[in-house]
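Numbering starts at 1 and runs along the sequence shown.
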Amino acid sequence: MLVYPSSIDLSSSTLRHLTRQLTARRRELGTRWRRLPAGRQALLALAHLRCGDTYAQLAAGFGIGIATVYRYIREAIEVLCVLAPSLDEAMETARTKAFVILDGTLLPIDRIAVDTPYYSGKHKRHGMNVQVLTDPFGRLLWASAALPGSTHDLTAARSHGIVDALAAAELKCWADKAYQGAGRHIRVPFRGRRLKRWKRRHNSSHAKIRCVGEHAMAVLKGWRLLRKLRCSTNRITDIVKAVLVLHHAAT
């Protein structure tokens, strides 16, 4: 296999953060020797998460076996995901904000037609539903666990406790029409085609506020691994949390 040098569009602070976490993990385990030092392992994991490089590509590029690549990446994700903020921690951060924006996204996966729980009728494809909270400037605050793609956004928000958490914190939240009926704390646009003029103006101003949250979705999809996940669905939650931690480390 031919090998060539490449680049990752991430800051060095992201690499240093992951390197520190992996070094602490090795010290905790009492590891004496590895095929790659912590810094190279961190670079390996970032290449997989950010660029979506396969295990075979990484094995050739770093001069190690495919099984070793798998173990190194899994270890890095496990180290990162435990650092992800919980919903309660996100609510504490959100209290200092004027409001938050709630939205859901579908992360595509490589399922087949028989896997109906993962098929989203809205997006016409298989995937996993992830709920995201952002601040008024579109910065990521929190990402939920991944649920099968057939799960409705409102159902997902309720099952994760987002609706109750927003009500308890008395936080204003902007969301799209999918969250109709979530409660007075979650503001949604009016539905219907023939709306009165004041309702159309309300929907227009609502869309201007909520569209900022689309920036957070673009940030998530900037990690190319999340554009087409080919791993077990049981690992997707940890991957999303690891990406969130790395995003916070870079900002």
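Residues satisfying the side-chain hydrogen bond (donor to acceptor under 3.5 Å, both in side chains) criterion with Arg139, sequence neighbours excluded, are Asp135. Remark: Arg201 engages no residue in a salt bridge (Lys or Arg N to Asp or Glu O under 4.0 Å) (not counting sequence neighbours). For Phe190, the ring-ring contact (aromatic ring centres under 6.0 Å, His included) partners at least two apart in sequence or on another chain are Trp198, His202. Scored by the salt bridge (Lys or Arg N to Asp or Glu O under 4.0 Å) test, Arg95 finds Glu92 as partners (sequence neighbours excluded). By the ring-ring contact (aromatic ring centres under 6.0 Å, His included) test, Phe99 is found to be paired with Trp174, residues two or more places apart in sequence or in another chain being considered.
Between Pro189 and Lys199, the closest side-chain pair of non-hydrogen atoms is not below 4.5 Å. You'll find the side chain of Met128 reaches within 4.5 Å of the side chain of Ile109, heavy atoms only.
Ion pairing of Lys228 with Asp110 is absent here, as no side-chain N (NZ or NE/NH1/NH2) approaches a carboxylate O to less than 4.0 Å. Ion pairing of Glu214 with Lys221 is absent here, as no side-chain N (NZ or NE/NH1/NH2) approaches a carboxylate O to less than 4.0 Å.
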Go through it in stages, so that I can follow the logic: the residues are Tyr55 and His48, the test is ring pair (Phe, Tyr, Trp, His ring centres under 6.0 Å), and I'd like the CA-CA distance, side-chain angles, deciding distance and then a yes or no. CA-CA 8 Å; Tyr55 295 155; His48 178 66; 5.3 Å; yes

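Legend: side-chain hydrogen bond (donor to acceptor under 3.5 Å, both in side chains) pairs involving residues 152-163, not counting sequence neighbours, sorted by first then second residue: Asn129-Asp153, Gln131-Asp153, Ser144-His160.
Side-chain contact, Gln41 with Arg26: a donor N or O sits under 3.5 Å from an acceptor N or O.
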